[in-house]
> 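I am attaching a structure below and will ask some questions about it afterwards.
Below, chain A is the first sequence line, B the second, and so on; all start at residue 1. FYI, side chains are in, hydrogens and waters are out, and symmetry mates aren't considered; it's all heavy atoms of this structure.
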2 protein chains.
Amino acid sequence: MKDQETHQRLLEAAARLFARRGFKDVTVREICRAARANVAAVNYHFHDKLGLYTAVVRMAIDEIRGTSDSARQAGEGASAEEKLRIYVRVFLQRIAANSRDAWIHQLISREMADPTPAFDLIIKHGIRPRLEYLGGLVAELLGCPPNNPRVMQSVAGLQSQLLFCMNPAVARVYPTFNLTPSAIDELARHISAFSLGGIRALRRHRAAVPSAPVKRRRRAS
Amino acid sequence: MKDQETHQRLLEAAARLFARRGFKDVTVREICRAARANVAAVNYHFHDKLGLYTAVVRMAIDEIRGTSDSARQAGEGASAEEKLRIYVRVFLQRIAANSRDAWIHQLISREMADPTPAFDLIIKHGIRPRLEYLGGLVAELLGCPPNNPRVMQSVAGLQSQLLFCMNPAVARVYPTFNLTPSAIDELARHISAFSLGGIRALRRHRAAVPSAPVKRRRRAS
DNA sequence: ACTCGAATAAAACATCTGTTTTATACATAT
DNA sequence: ATATGTATAAAACAGATGTTTTATTCGAGT
């Protein structure tokens, strides 16, 4: 047995194609052509088209955790506010600047748009751990327990911006969104500042029941 | 010629199915079954599967503009800050509470995830007008000209949250996200407060070159 | 009564898709 | 050298899919 190398070529080709176009839209024949392998190779090495896909998903999950750990480590010892800024910067640099990892979050976005059976794996092992880290940061910034609903609301507010700005279609809507490596640092600063501002605003609200009407002075026009 | 009514049934069935599962994933046979029509009906009435899809897209665009106009009208005379709050509330109520219009933004989300040739139409006639309205509001709140990049950055920050929280998959990630009609008002308040806080934070930044380092005092842990 | 055109229906077509089957090359162990 | 098991290759299969073709129905205009 000399090889295992077509196994690897299949994985890499499939990762790129699945991320870009989704599970259903990519054909087995296409993957095999890109990997310079026979049509039967997918079924031989991964039993199924779905088997290959979940293998790709497992790769993606590992990379997601890698990014989370990177950000966590880079922020060690810093204040919560600075940790959040660092997370945003690491996240954007790793996925937008580094094209090697770009496919991963393309895959996640696609799973969010229409989930396959593999989505549960991604949530459990990729997204949940990251949310817990961010949830801890935000809870500290808000000064409330981590299970307070507004914590997850804020985390979602931050994360939605990050996922949004990586969507290739967004550049067609907001023409100013070009993710050139030089623009990424600036984008990271904007998103950090916007999100920290949002969190600060939520902190001011009274913590108790939301039945209290939200009253706020209007500024002149 | 008695009818035109299968034409209508096809449109309605197709809208629901395309929104839920996307252009490629829905079969012509499926649409015709749902519309109680023959397999050839799509090609007869719309020439193409794509012809039917673009007809659906045109319907969606009209509804989008309707929501925009509703929000704009409801905010007439109010301050910019209040207008933004009203926009968020109208938007969420119309698409999350009112299930009649829910399919539309499912369709948009899907087009963002992987665009079809019809995406350009949606941008031009559905999204652009809305962004210009929001851009005007935000520019006023930021106190800077509407073409300042941070305006679109803030608009994207707001819009990303709105699109994000309507994604059905989000409820699986953030278990607290249940869009029961009663929770929608609260969600709208949170998103408004978060976004206005973000905008306020960006306003404080010096307006000129971003080369100036972002310095900020750290709070005690 | 007849014709014409529009709407529906049924069947057929060509193509594509995931998968399976069968055959072949080849390295290693006995 | 022969047998064995693994990896690749080529061909075939069954099912689905968008579209086209051919018939049929039905109402209106003459």
> Rounded to the nearest angstrom, tell me the gap between atom CD in B/Gln8 and atom P in C/dT8.
13 Å
> Measure from the side-chain heavy atoms of A/Asn43 and tell me the nearest of D/dG18, C/dT19, D/dA7.
C/dT19
> When you get a sec, tell me which of C/dT19, D/dT19, C/dA7 is the closest nucleotide to the side chain of A/Asp48?
C/dT19
> From OH of B/Tyr44 over to C1' of C/dG5, roughly how many Å is that when rounded to an integer?
8 Å
> Without decimals, in angstroms, what is the distance between B/Lys24 NZ and D/dT17 P?
14 Å
> Return the value, rounded to whole Å, for the distance between atom CZ of B/Phe46 and atom P of D/dT19.
13 Å
> Just one of B/Arg21, B/Arg20, B/Arg110 clears the side-chain hydrogen bond (donor to acceptor under 3.5 Å, both in side chains) bar with A/Asp114, so which one?
B/Arg110
> Please report, rounded to the nearest Å, how far the C1' atom of C/dT19 is from the CG atom of A/Leu52.
14 Å
> Between B/Ala193 and A/Leu202, which heavy-atom pair has the shortest distance, and what is it?
CB-CD2, 3.9 Å
> Taking the basic N atoms (NZ, or NE/NH1/NH2) and the acidic carboxylate oxygens, is any pair closer than 4.0 Å for A/Arg16 and A/Glu12?
no
> Would you kindly compare A/Glu30 and B/Ala37 by the position of their nearest DNA chain C nucleotide and give the one closer to the 5′ end?
B/Ala37
> What I want to find out is whether A/Arg33 reaches A/Glu30 closely enough, with some N-O distance under 4.0 Å, to be called a salt bridge.
no
> If you find the nucleotide of DNA chain C closest to A/Ala40 and the one closest to A/Asp25, which residue's nucleotide is nearer the 5' end?
A/Asp25
> How close or far is atom P of C/dG18 from atom CG of A/Leu17, stated in whole angstroms?
12 Å
> Does C/dT8 have OP1 or OP2 sitting under 4.0 Å from an N or O in the side chain of B/Thr6?
yes
> Under 4.0 Å from OP1 or OP2 of C/dA7: is there any side-chain N or O of B/His7 that close?
no
> So which nucleotide from C/dA7, D/dA12, C/dA9 ends up closest to the side chain of B/Asn38?
C/dA9
> Would you kindly give the CZ-to-P distance between A/Arg29 and D/dA16, to the nearest whole Å?
16 Å
> Nearest to the B/Lys49 side chain among C/dT19, D/dT6, D/dT19, which nucleotide is it?
D/dT19
> If I take atom OH in residue A/Tyr53 and atom P in nucleotide C/dT19, what distance separates them, rounded to the nearest angstrom?
15 Å
> Between B/Arg9 and B/Glu5, does at least one N-O distance fall below 4.0 Å, as a salt bridge requires?
yes
> From the options D/dT19, C/dT8, C/dT17, select the nucleotide whose nearest atom is closest to the side chain of A/Thr27.
C/dT17
> Let's see if you can work this out: which of D/dT8, C/dT19, C/dT8 has an atom nearest to the side-chain heavy atoms of A/His45?
D/dT8
